[in-house]
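Working notes, beginning with the structure itself.
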Amino acid sequence: MAEVSYRRASRLYPGSPPVRAVDELDLTVADGEFLVLVGPSGSGKSTALRMLAGLEEVDEGAIHIDDRDVTDVPPKNRDIAMVFQSYALYPHMTVAENMSFALKLKGESKSAIAERVRHAADLLELTPYLDRKPKALSGGQRQRVAMGRAIVREPSVFLMDEPLSNLDAKLRIETRANIASLQDRLGTTTIYVTHDQVEAMTMGHRVAVLKDGTLQQCDTPRNLYERPVNAFVAGFIGSPAMNLKTVAVGDGGAHLDGLSVPLPRATLASSGDTLTLGVRPESLRLAGAGEDGAAMTVELVEELGADAYVHGTVRVGKQAERFVVRADGRTPPKLGETVTVAITRPEEVHAFHADTGLRLPTG
Ligand SMILES: Nc1ncnc2c1ncn2[C@@H]1O[C@H](COP(=O)(O)OP(=O)(O)OP(=O)(O)O)[C@@H](O)[C@H]1O
Ligand SMILES: [Mg+2]
């Protein structure tokens, strides 16, 4: 059991100027929490994880596990187990041997090792494969062996770096549910890295969003979705992505051709002549004949069964801007058709400062 805290921790790679791969990261992960680190490629997720594991130096700041400053503690003394994307299984060892290896090095007794391996194999449904070599396993089974190797060590923190990226889509969904429930049962503090925001939202108790080495926001999935602190988080979290457009303000709201979006006075007071309006596809709808709305020319319809995502262009000032609207999957419009787009729930509209990208106050 452990609480992890990054205290203004930075990692600089040499260069001119140096690359701040992780920049003054301030983040506390509670005991037993499942925290997901998410962000685009190169945002510093793996570096942040490796700093905690001791595989990467901390150039500024510190990292604590409970009351202990581990900044300069060697990896093997940190009581952490890491699961890598590549799994890094020993090919010449059986599943049981792979799982026992770290315990043997620690000098655990044979009977204690056998008991822990049996228990982990049971949890992960690996019992029938204990005598096989990794090459005789499927991708999903190998992934579970990599998990098993971490579990048998009974560490105080699990670190996982994109552990599902080698699995096909269906197996990923199954496995992410299994990992989440396993973490829940074991109650071990876990930091999980992914670039997949859906994985992040479905697995994490909280999700920390990184961009260019800088923490943008760390919050529950719901709060990230409903109250993103800036336009980057707004656009990164949610699929299909939020429509984010620079629009003119005036007269109590923002204005697109044919569509006025009323905005609270506090929002307007802190924006300039323009602001970045954010509307999720599900907060928009296709309006019926005669209703007010913005005219959109349909360019692409993604039919998903129950829903259809309708992509098209809307004129905003002099520009043609692309929008995505969620529509009823049973009656999708046709390509080239002109439809009317209206806002279903004005209270779900987001507004960000046009220059800084920061969320504008609403009250
Ligand atoms: N050994 C290194 N030397 C120099 N720069 C590095 C080194 N390792 C990583 N970087 C840089 O640090 C930044 C963060 O890299 P990191 O691997 O942490 O990103 P990531 O978020 O894990 O990306 P991905 O999703 O692609 O795995 C990147 O700009 C990367 O190019
Ligand atoms: Mg990475």
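Both counts, for ligands and for their atoms, begin at 1 and track the order of listing.
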Ranked by distance from atom 12 (O) of ligand 1, the top protein heavy atom is Ala21 CB, 3.3 Å
Looking only at non-hydrogen atoms, the one of Glu56, His195, Lys45 nearest atom 25 (O) of ligand 1 is Lys45
### Message
Please check if the number of heavy atoms outside Asp168 that lie under 6.0 Å from its CG is greater than 12.
### Response
yes
Inset, instruction - Please answer whether the main-chain N or O of Ser138 pairs with a side-chain N or O of Gln141 as donor and acceptor at a distance below 3.5 Å. - result: yes
*Kindly state if atom 16 (P) of ligand 1 has a protein heavy atom within a strict 4.0 Å cut-off, that is, under 4.0 Å?*
yes
Distance-only, no hydrogens or angles: does the Arg149 side chain make a donor-acceptor pair with backbone N or O of Phe101 under 3.5 Å? no
Check: Arg8 side chain, Asp26 main-chain N or O, donor-acceptor pair, under 3.5 Å: no
ask   = When you measure from the side chain of Arg7 to the backbone N and O of Leu25, does any donor-acceptor pair fall under 3.5 Å?
value = no
task: Identify whether the distance between the nearest side-chain nitrogen and carboxylate oxygen of Arg176 and Glu199 falls below 4.0 Å.
output: no
Checking heavy-atom distances from atom 19 (O) of ligand 1 to each of Ala48, Ser165, Gly44, the winner is Gly44
Do Lys104 and Glu108 meet the salt-bridge criterion of a basic N to acidic O distance under 4.0 Å?
no
Near Thr47 (heavy-atom distance under 4.0 Å), the atoms of ligand 1 are 14 (C), 15 (O), 16 (P), 18 (O)
Short version for Pro40: what comes under 4.0 Å of ligand 1, heavy atoms counted, is backbone
Of all protein heavy atoms, the one nearest atom 27 (O) of ligand 1 is Ser46 OG, 4.0 Å
In this structure, atom 26 (O) of ligand 1 is nearest to the protein heavy atom Ser41 OG, 2.5 Å
- Query: Does an N or O anywhere in Gly42 fall below 3.5 Å from an N or O of ligand 1?
  - Reply: yes
Checklist entry - Does Gln85 offer a backbone N or O that forms a donor-acceptor pair with the side chain of Asn166 under 3.5 Å? => result yes
Of all protein heavy atoms, the one nearest atom 1 (N) of ligand 1 is Tyr13 CE2, 3.7 Å
- May I ask you to check whether Ser46 brings an N, O or S atom to under 2.8 Å from the Mg ion (ligand 2)? yes
